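Every chain is numbered from 1, with letters handed out A, B, ... down the list of sequences. Treat the numbers as computed from the prediction; the structure is a model and nothing was measured.
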2 protein chains.
Amino acid sequence: MAARSKPVSAGAGPANSRGKPTLRTIADITGLAVTTVSRALANAPQISIETRNRVRQVALDIGYSPDRAAQRLKTGRTNVIAILLEPHEEILGYGTSVMAGIAKALQGTAYHLIVMPNFLNAANIDAINYIIRNSMADGLIFSRTEPLDPRVMLLSENGFPFVTHGRTELATAHPFVDYDNFTFAYEATRRLIAKGRRRLALISGPAGYTFAGHIQHGFMTAVREAGCAYEILSDIDLDCPAGAIRDRIRRRYAEKDPPDGFACGGEVCALATITGMTDCGLTLGLEYDIVAKQTSQLLSAIQPRVDTIYEDLTATGEHMGRILLRRIAGSTNINELQLLLNPELPFETQPASVAD
Amino acid sequence: MAARSKPVSAGAGPANSRGKPTLRTIADITGLAVTTVSRALANAPQISIETRNRVRQVALDIGYSPDRAAQRLKTGRTNVIAILLEPHEEILGYGTSVMAGIAKALQGTAYHLIVMPNFLNAANIDAINYIIRNSMADGLIFSRTEPLDPRVMLLSENGFPFVTHGRTELATAHPFVDYDNFTFAYEATRRLIAKGRRRLALISGPAGYTFAGHIQHGFMTAVREAGCAYEILSDIDLDCPAGAIRDRIRRRYAEKDPPDGFACGGEVCALATITGMTDCGLTLGLEYDIVAKQTSQLLSAIQPRVDTIYEDLTATGEHMGRILLRRIAGSTNINELQLLLNPELPFETQPASVAD
DNA sequence: CGATCTATTTAAAACGTTTTCATCATACGA
DNA sequence: TCGTATGATGAAAACGTTTTAAATAGATCG
């Protein structure tokens, strides 16, 4: 309890100017040097086991926790993970779900999650340059990759750890988590066909994103196999406001040979489709069917039920977090840095390589 | 360009071990002392205007940006704003919208937004203790206040800057942004009455939260004024899954004197209500009406249209961000730290005190 | 018994800022 | 001509860590 053989201020209280206990405080109490305390807390093997225990105990007693700023300054590590938040994600909690998942993966680690918003149409690449140049974080997560995504290229060149939500077609492999949108769309379309629908329409993601291509590919594969009529609804995509989609559906229905089956990449989109068709006097399950991607509980209460295939965004976030931590820790084993989530598999049953 | 009268490494490149330009780099280039450079960049009046300009130019040329860790260590300021993310916010993008707003307010400042997730049912108060004790941030934002919110009390006692989304009934005034839920509910109920509905039901927030009380108060005031039959639907609230609300609506309809007008505090809730009533063979606008709070574009595409009153969550976030910055800057003028948003007023037309 | 090891501990430097306290001209009033 | 403002700059300490390089004391050994 009392300090000895050292020039020390009397008590065991926080001798600090800011009132927070530091390594120095512990050093004074134990009579050890700051260096030793630091090493002891880091569990360095060169420090005797008794000293380590004693230091740990004192640290616990006085409620010591290391100053992140000082650690960061000294080591260059920030203990921060950044996520690039896109404006499109405002609706239906994409961002919130993914963040909750990431946070879950970060739980118990020294890492914290910081949000780098990317609205105001700033070019994505600027935000990333900013993060790299100012070493704002030890790792980065972002979504909506393009096949030749310049962000991925920039980060790869700089050796900056990152994980994308979505794949690219770049030659150099990089960490990602993706949902198998091909299988989603293929399966959705097959279900429509199984329900007897023969004039199928797809509402996919905005052109240019990898996932939109995958959805289209899955859709096309299924319709070609079955040999039915199909179309990809032009002028609209998943990012459009619900009203725009509803109007587009109504317009389409006024033309000839309207679709009787819709594959929808999102929930709001499905809802808008139902609304548009209802306006035209048609009933879901009777004159037409929908299979949609589900990412929340929104559609589960809608009557008549919309047939859905689930994508678990929180699990996606958790995977991305885990993978990023692994990457930061130095892993270059691409097998444990890439993960393609199957529409059927819930989080718990993913491959072992991921369940750390 | 060339350094002079100083022992200096030859070129103007980043003489740094980590390769990043520092104050030292600029000092070497200009031949000034680090102190002077620091002051010049801080625009200190004691430094001559020419020197200030010269330093600024060099800083720009070599792409200098201050090391946040060092600043933080020295000043004790973190330049970080934290938001406590609640699990309930996963659905319908509450969190994402508010964060986008906060980020907008932080735009151009030195502040960054970090997310402190609070799921896993950890007591709220622990998260806040953690933030205070480890000085994780300079300010905190959180939502869903209770009338005697212990978090508010803790933060106030510690003099830690914060802004709540929602009011409390505590004696000591604190910064907040709130939506006038009384007026919302009052107005919603009045609209139902104006539509000729006379047996009104309310679906409000979970008991215990301040805003739920305000909603009920508004509802009660309106129904009492009009003298019509009313009820607050028991066993469910806005946080319930849509399916639970739908079922509750169906059960209620099976009993006698079912409501013909619903005031709904949220969009999912409104959707679930429609679904439940449709199941019972009733049509919105014909046998019953709904007035709901709207926070996204979700309902705008639904047919028949649901009558809504808007709450702009992104604007709320932006206000909270601005107010928190003001509070951190030292303001104690409670008039510019509290804001009650009127359901009618869009962001642009708020009182001058807020438009920084 | 002096020399080399080994096991533990320590002093001091460094990370990049900000801040306190000088220093040094130059100009000014007396 | 001297003291004293004044205006501009600098040296050095400090923030709380981690890390490099030493020091100390036993223990082992030839």
Side-chain angles (χ1 to χ4, degrees), chain A residues 3-8 14-28 30-55 59 62 64-79 110 133-136, chain B residues 3-8 14-28 30-55 59 62-79 110 133-135:
Chain A
R4 85 195 52 147
S5 74
K6 277 265 160 172
V8 153
N16 190 345
S17 64
R18 279 176 200 157
K20 229 189 98 186
T22 77
L23 286 184
R24 187 66 221 254
T25 318
I26 302 182
D28 286 354
T30 57
L32 293 164
V34 171
T35 310
T36 312
V37 175
S38 173
R39 289 231 180 78
L41 289 175
N43 224 347
Q46 35 189 350
I47 303 295
S48 76
I49 209 75
E50 307 92 57
T51 305
R52 273 187 261 174
N53 288 335
R54 189 158 54 104
V55 168
I62 67 176
Y64 168 81
S65 71
D67 184 299
R68 297 172 68 94
Q71 284 183 314
R72 178 167 165 179
L73 173 60
K74 184 61 194 170
T75 63
R77 266 171 272 122
T78 64
N79 283 344
R133 294 244 356 269
N134 295 43
S135 46
M136 286 300 308
Chain B
R4 84 195 51 149
S5 76
K6 278 269 160 171
V8 153
N16 191 345
S17 65
R18 281 176 199 155
K20 229 190 98 183
T22 77
L23 286 183
R24 187 66 221 256
T25 317
I26 302 181
D28 287 353
T30 56
L32 294 163
V34 171
T35 309
T36 311
V37 175
S38 172
R39 287 229 184 79
L41 290 175
N43 225 345
Q46 36 190 349
I47 303 295
S48 76
I49 210 71
E50 306 93 54
T51 305
R52 273 187 262 174
N53 287 335
R54 188 158 54 103
V55 168
I62 66 176
Y64 167 81
S65 71
D67 184 298
R68 298 173 67 92
Q71 285 182 313
R72 179 168 164 178
L73 174 59
K74 183 61 195 172
T75 64
R77 267 171 272 120
T78 64
N79 282 345
R133 294 248 353 271
N134 294 46
S135 47

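The number of heavy atoms from other shown groups lying within 6.0 Å of CZ (B/R77) does not exceed 12.
For the pair A/E50 CD and C/dT8 P, the interatomic distance rounds to 8 Å; values are reported in whole Å. Between the CZ atom of A/R72 and the C1' atom of C/dT17 there is a distance of 13 Å, given to the nearest Å. Protein atom CD of B/Q46 is 12 Å distant from nucleotide atom C1' of C/dC21, rounded to whole Å. As a whole-Å value, the separation of A/D67 CG from C/dG16 C1' is 14 Å. B/I62 places its CD1 atom 13 Å from the P atom of C/dG16, with the value rounded to the nearest Å. Distance B/N79 CG to D/dC15 P: 20 Å, rounded to the nearest Å. One can place CG of A/L23 at 19 Å from P of C/dA13, the figure rounded to the nearest angstrom. One atom, CZ of B/R24, and another, C1' of C/dG16, lie 12 Å apart when rounded to the nearest Å.
Within the nucleic acid shown, B/S38 comes within 4.0 Å of at least one base atom, counting heavy atoms only. Contact annotation for A/Q71: backbone-only contact, meaning every heavy-atom pair under 4.0 Å involves sugar-phosphate atoms and none involves a base.
A donor-acceptor contact under 3.5 Å links the side chain of B/R39 to the base of D/dG10.
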Each nucleotide N or O in nucleotides 26-28 of chain D that has a protein N or O under 3.5 Å away: list the pair and distance.
none

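Candidate nucleotides C/dA14, C/dT10, C/dT17 were compared by shortest atom distance to the side chain of B/K74, and C/dT17 ranks first. Closest to the B/L73 side chain, of the nucleotides D/dT17, D/dA11, D/dC15, is D/dC15.
Of the listed residues (A/I47, A/T22, A/T51, A/L32), just one forms a side chain to side chain contact (heavy atoms under 4.5 Å, CB included) with A/V37, and that residue is A/L32.
Within the 4.0 Å cut-off from OP1 or OP2 of C/dA7, not a single side-chain nitrogen or oxygen of A/S48 is found. Contact annotation: A/T36 side-chain N/O to C/dT10 OP1/OP2 distance is under 4.0 Å.
Shown here for A/R68 and A/T78, the closest heavy-atom pair between the two residues is NH2-O, 4.2 Å. Contact detail for A/D67 and A/K20: the closest heavy-atom pair is CA-NZ, 4.3 Å.
From A/T36, atom OG1 reaches atom CZ of A/R54 across 10.0 Å, with rounding to the nearest 0.5 Å.
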query: When you look at A/N79 and A/R72, which way does the side chain to side chain contact (heavy atoms under 4.5 Å, CB included) test go after all the steps?
result: CA-CA 8 Å; A/N79 283 344; A/R72 178 167 165 179; over 6 Å; no

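Mapping B/A69 and A/I49 onto DNA chain C via the closest heavy atom, the residue that lands nearer the 5' end is A/I49. When each of B/T35 and B/A70 is assigned the nucleotide of DNA chain D with its nearest heavy atom, B/T35 is the one assigned upstream, toward the 5' end.
When side chains are defined from C-beta on, A/T25 does not count as touching A/Y64, because their heavy atoms never get closer than 4.5 Å.
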